[in-house]
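Keep in mind the model is a prediction, meaning the values are calculated, not measured.
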Amino acid sequence: MAQINFTLEYDFLVGLFKDSKEEAFAKIMEEILNQTLLAESRQQLGAERYERSDGRSDYRNGTRIRSLTTRIGKIQLEVPRHRDLPFKTVLF
């Protein structure tokens with residue numbers, strides 16, 4: 001099983017205290033899910049962004065924005081796109 005480390009920037013974390021609990025939780029979930037999508041993309045491609053690798057299976061082709069409606073509100077997900085192989089995720 002893969003291990004994912006999440007990083008929250010200081011300004012993002014401080015900004016959460018200005019929001020209500022529901023908005024703050026929605027922003028945290030959005031950040032975690034977007035970082036999970038990026039980690040899955042890295043794993044499928046076999047390389048980090050801008051990394052040259054012999055094990056690379058495909059190339060990045062930007063992202064597309066998708067809305068996910070949850071009990072805590074709408075979350076904007078940045079779903080990675082790959083050039084030749086379709087991006088697959090366990091989230092949806």
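Cluster annotation: Leu91 and Leu68 are assigned to the same hydrophobic cluster (Ile/Leu/Val/Met/Phe/Trp/Tyr, side-chain heavy-atom contacts under 4.5 Å, transitive). Put simply, Leu45 and Leu85 are part of two different groups of oily side chains (I, L, V, M, F, W, Y) that touch within less than 4.5 Å, one to the next. Hydrophobic clustering places Val79 together with Met29 (ILVMFWY residues linked when any side-chain heavy atoms are closer than 4.5 Å, directly or through intermediates). Using a 4.5 Å cut-off between side-chain heavy atoms of Ile, Leu, Val, Met, Phe, Trp and Tyr, with links allowed through other members, Phe12 and Phe6 fall into the same hydrophobic cluster. A chain of hydrophobic side-chain contacts below 4.5 Å, direct or via other Ile, Leu, Val, Met, Phe, Trp or Tyr residues, connects Ile32 to Leu16.
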(message) Quick one, Leu77 with Asn34, criterion side-chain contact (heavy atoms from CB on, under 4.5 Å). Give me CA distance, side-chain angles, the key distance, then yes/no.
(response) CA-CA 6 Å; Leu77 298 178; Asn34 281 325; 3.8 Å; yes
(message) I'd like to know whether Asn61 forms a side-chain contact (heavy atoms from CB on, under 4.5 Å) with His82, so could you lay out the CA-CA distance, the side-chain angles of the two residues, the decisive distance to 0.1 Å, and finally the verdict.
(response) CA-CA 5 Å; Asn61 195 18; His82 298 162; 5.8 Å; no
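Distance CD1/Ile65 to CD/Glu78: 4.5 Å, rounded to 0.5 Å. Between the CD1 atom of Ile75 and the CD1 atom of Ile28 there is a distance of 11.0 Å, given to the nearest 0.5 Å.
Looking at every heavy atom in both residues, Gln44 comes nearest to Thr89 through NE2-N, 4.5 Å. The two residues Glu48 and Arg56 have their closest heavy-atom pair at O-NH2, 3.5 Å. Across all non-hydrogen atoms, the minimal contact from Arg60 to Ala47 is NH2-O, 3.2 Å.
Using modelled atom types, one side-chain atom of Gln35 and one backbone atom of Thr7 make a donor-acceptor pair closer than 3.5 Å. Remark: side-chain polar atoms of Ser41 are not paired, donor with acceptor, to backbone N or O of Leu37 under 3.5 angstrom. Looking at Glu30, its side chain does come within 3.5 Å of a backbone N or O of Gln76 through a donor-acceptor pair. Remark: side-chain polar atoms of Asp58 are paired, donor with acceptor, to backbone N or O of Asp84 under 3.5 angstrom.
A 6.0 Å sphere centred on CZ of Phe87 holds more than 12 heavy atoms belonging to other residues, nucleotides or ligands. Counting heavy atoms of neighbouring residues, nucleotides and ligands inside a 6.0 Å radius, atom OH of Tyr10 does not exceed 12 of them. Heavy-atom contacts from other residues, nucleotides or ligands closer than 6.0 Å to OH of Tyr59 number 12 or fewer.
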